[in-house]
Number of protein chains: 2
Amino acid sequence: MKYTMKDIAQAAGVSLSTVSLVLNDRPVRVSDKTRKRIKQIAAETHYQPNSAAVSLSRHVSYNIGLIVPDITNPFFAQMTREINEQLAQHGYSTLFADSNNSAEKERHILHNMVSRGVDGILLVPSNEFFYQDMEKLQKQIDETGKPFVLVNATADKLRVCSVNFDNFQGAALATQELIDHGHRNIAFIQGKAQYVNAPERYQGYRQTLEKNGLTFHPDFLYEGDYSIESGYQAASSIINNNEVTAVLSSSDMMLFGIIKWANEHQVNAFNRFSMIGFDNDPYDVITQYPLTTVDQQISKMVSESVGALLKMIVNKKITHQKLIVTPELIRRQSVRMIKK
Amino acid sequence: MKYTMKDIAQAAGVSLSTVSLVLNDRPVRVSDKTRKRIKQIAAETHYQPNSAAVSLSRHVSYNIGLIVPDITNPFFAQMTREINEQLAQHGYSTLFADSNNSAEKERHILHNMVSRGVDGILLVPSNEFFYQDMEKLQKQIDETGKPFVLVNATADKLRVCSVNFDNFQGAALATQELIDHGHRNIAFIQGKAQYVNAPERYQGYRQTLEKNGLTFHPDFLYEGDYSIESGYQAASSIINNNEVTAVLSSSDMMLFGIIKWANEHQVNAFNRFSMIGFDNDPYDVITQYPLTTVDQQISKMVSESVGALLKMIVNKKITHQKLIVTPELIRRQSVRMIKK
DNA sequence: TTGAAAGCGCTAACAT
DNA sequence: ATGTTAGCGCTTTCAA
């Protein structure tokens with residue numbers, strides 16, 4: 001049998017409200033005696049509040065919506081794990097959805113989650129997020145009236161709270177590392193035109209080149225969608241571009257794609273050129289030589305995101321701050337000194 | 001402003017109940033005219049039902065609890081993605097939680113989800129799931145009164161619905177493959193004693209050995225917890241066990257651990273021995289030679305699991321069927337013919 | 001073809 | 001220190 005407050009009230013011979021006050025630990029009235037008795041009965045009956053009823057009357061659900069583009073990607077998986085954990089620590093549950101990298105699905109899920117009564121939303125956007133009409137998007141987000149934070153993207157044109165790492169700096173760090181190792185002809189695999197985080201990385205790469213007196217060469221520019229597959233696609237032309245001695249990739253996964261292609265074609269990618277990726281993927285260490293990579297400080301991003309979201313929720317006030325965390329270059333063995 | 005059915009009723013000049021009937025597409029009474037009008041107004045006002053209210057009165061939430069041991073493991077990530085997708089297709093949302101491979105946390109989450117009013121639960125158990133007191137566990141599950149399915153494990157001692165793949169057969173397939181390639185000294189890295197799925201794989205390995213007239217050798221038996229790290233730990237002793245010419249690992253990840261150790265110690269794992277793992281990890285193809293592996297048919301397991309769960313929900317009847325799907329050996333390039 | 005009203009389980013303002 | 005009561009927004013039975 002499922003016990004309700006009413007049952008407990010009856011059993012204890014008190015009123016409903018007294019039970020409610022006690023079980024919610026409201027520090028008011030109620031004698032210690034009855035307090036004890038009620039708690040006692042609640043424990044014996046394994047009383048569990050009906051959360052639908054609580055939601056309905058308190059207008060909160062203690063559920064947070066989390067939307068990620070691809071849970072299969074270790075970067076987002078790790079993010080999800082930490083978000084889930086931190087939310088749980090604060091008494092919130094995670095209503096999860098994978099948008100499969102579709103902006104349309106993203107909107108659909110967003111809508112759905114709002115109607116499920118989530119208290120707030122964490123959106124890790126799909127690649128194509130910024131291809132949408134910002135006006136409309138802004139309107140949709142505003143209309144939800146829910147605390148919202150965009151994670152892993154910076155939306156200059158959107159009045160929303162966002163948390164991201166410094167993409168420009170990440171790319172700059174990596175580019176400089178390659179240059180410091182004597183590389184002059186550095187290929188860059190960028191995300192497509194308006195992909196989330198792509199332009200910033202491109203600028204970091206390009207400006208670091210210039211800062212070091214190197215001229216940018218369009219022939220060294222490649223494009224992918226961060227997936228293993230897209231790295232694989234680009235592999236042959238990069239590997240056969242004989243001038244390049246190093247490649248900076250916008251994701252470790254694309255580097256995996258290159259390595260895969262190389263393996264299949266009897267060429268050793270690590271001997272062919274130096275490589276740096278983004279994401280600090282856990283699998284970076286299983287390739288023949290562990291990959292040097294840009295770490296985005298997932299934990300930091302997550303705690304900032306969750307912190308900002310919960311703050312909005314408790315303060316009942318929506319803010320639009322942009323938070324940026326600093327990335328870190330993880331040096332491993334995929335970068336070699338080049339002799340000139 | 002947030003519109004309610006009451007607002008719509010007022011605007012349409014009809015009663016609340018009429019609105020409810022129309023918006024829920026109940027095929028009863030109500031003239032087409034008023035039906036249209038109501039739908040019209042609902043659309044204009046972007047009406048969204050308050051799901052807490054629906055839950056409260058209908059005693060269903062359209063939320064399903066999903067508990068996984070480690071979302072960071074690609075195997076579970078892929079499972080999660082498919083589960084989420086299939087649930088969504090049926091109008092259910094996913095209340096997600098990562099148990100971090102802790103049986104205690106698992107119980108805690110389970111409890112929590114029930115009190116959140118989920119309509120059913122999918123539990124992908126932690127490694128140590130079967131170390132628990134089955135009596136107590138059975139009681140806890142029964143007490144929830146919720147449709148429940150255990151995914152990726154078989155619980156002979158538990159009266160619950162479960163969906164798993166045939167671990168025995170998977171191990172047998174892989175062992176036979178190695179034997180067919182001339183291997184006689186096949187190491188096996190098993191999960192710890194009572195780990196989920198571990199004993200069945202061990203039996204598959206062992207019985208296949210015997211079936212082929214090979215004697216089982218305790219020195220060829222190793223232990224791990226499926227992680228990269230645990231493979232790494234075991235690596236040196238396996239690699240230095242000069243008799244072994246092939247290794248069957250209970251997870252691809254542990255093979256990655258071995259490969260990592262080998263890379264670090266200037267030995268080529270692929271030249272050292274043949275290898276087969278379990279999980280068909282997406283990263284199997286980025287190692288120097290793509291790994292042969294046992295594929296558990298995640299999609300199949302997921303559709304069986306979700307199907308069984310939803311069936312219980314709509315039939316309002318809890319069942320305890322055990323479903324088993326057939327694994328498949330994915331042949332790639334980590335197994336070589338050995339000359340005798 | 002439609003409306004009124006009770007009820008889902010809990011919260012909170014108001015009484016006593 | 002404790003009880004009464006009016007909602008929260010929706011579903012559903014019973015009347016009309």
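Chain identifiers are assigned alphabetically (A, B, ...) following the order of the sequence lines, protein sequences preceding nucleic acid strands; residue numbering begins at 1 within each chain.
Considering only side-chain N and O atoms, Arg26(B) lies nowhere under 4.0 angstrom from the phosphate OP1 or OP2 of dT11(D). Distances shown here put every side-chain N or O of Tyr3(A) at or beyond 4.0 Å from the OP1 or OP2 atom of dC10(C). In terms of phosphate contacts, Ser57(B) brings no side-chain nitrogen or oxygen within less than 4.0 Å of OP1 or OP2 of dC10(D). Listed pair Asn50(A) / dC8(C) fails the phosphate criterion, with no side-chain N or O lying under 4.0 Å from OP1 or OP2. Residue Thr4(A) places none of its side-chain N or O atoms closer than 4.0 Å to OP1 or OP2 of dG9(C). OP1 or OP2 of dG9(C) has not a single side-chain nitrogen or oxygen of Tyr47(A) nearer than 4.0 Å.
Computed from coordinates, the Leu56(A) CG to dC10(C) P distance equals 12 Å when rounded to whole Å. For Leu21(A) and dA1(D), the CG to P distance is 12 Å, given to the nearest whole Å. In this structure, Asp25(B) atom CG and dT11(D) atom P are separated by 12 Å, rounded to whole Å. As rounded to whole Å, 12 Å separates atom C1' of dT11(D) from atom CG of Leu23(B). Taking atom CE on Met5(B) and atom P on dA4(C), their separation rounds to 16 Å, with Å as the unit. When rounded to the nearest whole Å, the span between CD1 of Ile8(B) and P of dG3(C) equals 15 Å. Note: CZ (Arg35(B)) to P (dT1(C)) measures 10 Å, nearest angstrom. The nearest whole Å value for the distance from the CD1 atom in Ile38(B) to the P atom in dG3(C) is 8 Å.
With distances taken from any side-chain atom of Ser17(B) to the nucleotides dG9(C), dA12(C), dG3(C), the minimum falls on dG3(C). Set against dC10(D), dG3(C), dG3(D), the side chain of Pro49(B) has dC10(D) as its closest nucleotide. Here the side chain of His59(A) is nearest to one of dC8(D), dT11(C), dG3(C), namely dC8(D). For Ala53(A), whose side chain is taken as the heavy atoms from C-beta onward, the closest listed nucleotide among dG9(C), dA13(C), dC10(D) is dG9(C).
Applying the 3.5 Å distance criterion, the base of dT12(D) shares no donor-acceptor pair with the side chain of Ser20(B). The base of dG3(D) is not paired with the side chain of Thr18(A) by any donor and acceptor separated by under 3.5 Å.
A distance-only check finds no donor-acceptor pair linking the side chain of Arg81(B) to the backbone of Ile71(A) [under 3.5 Å]. Formation of a donor-acceptor pair under 3.5 Å by the Asn24(B) side chain with backbone atoms of Arg26(B) is not found in this model. Judged by distance alone, the side chain of Asp70(B) and the main-chain N or O of Thr72(B) form a donor-acceptor pair under 3.5 Å. Between the side chain of His320(A) and the main chain of Cys161(A), no donor-acceptor pair closer than 3.5 Å is present.
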Anything under 3.5 Å between a donor and an acceptor, one on a side chain of residues 60-69 of chain A, the other on a protein residue two or more places apart or in another chain? List them.
residue	atom	partner	partner atom	Å
Ser61(A)	OG	Asn63(A)	N	3.1
Ser61(A)	OG	Gly117(A)	O	2.7
Ser61(A)	OG	Asp119(A)	OD1	3.1

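In this structure, the side chains of Phe75(B) and Asn152(B) come closer than 4.5 Å at one or more pairs of heavy atoms.
In this structure, Gly13(B) and Leu16(A) both approach DNA chain C, and ranking their closest nucleotides by distance from the 5' end singles out Gly13(B).
Nucleic acid contact class of Ser55(B) (heavy atoms, under 4.0 Å, all strands): none.
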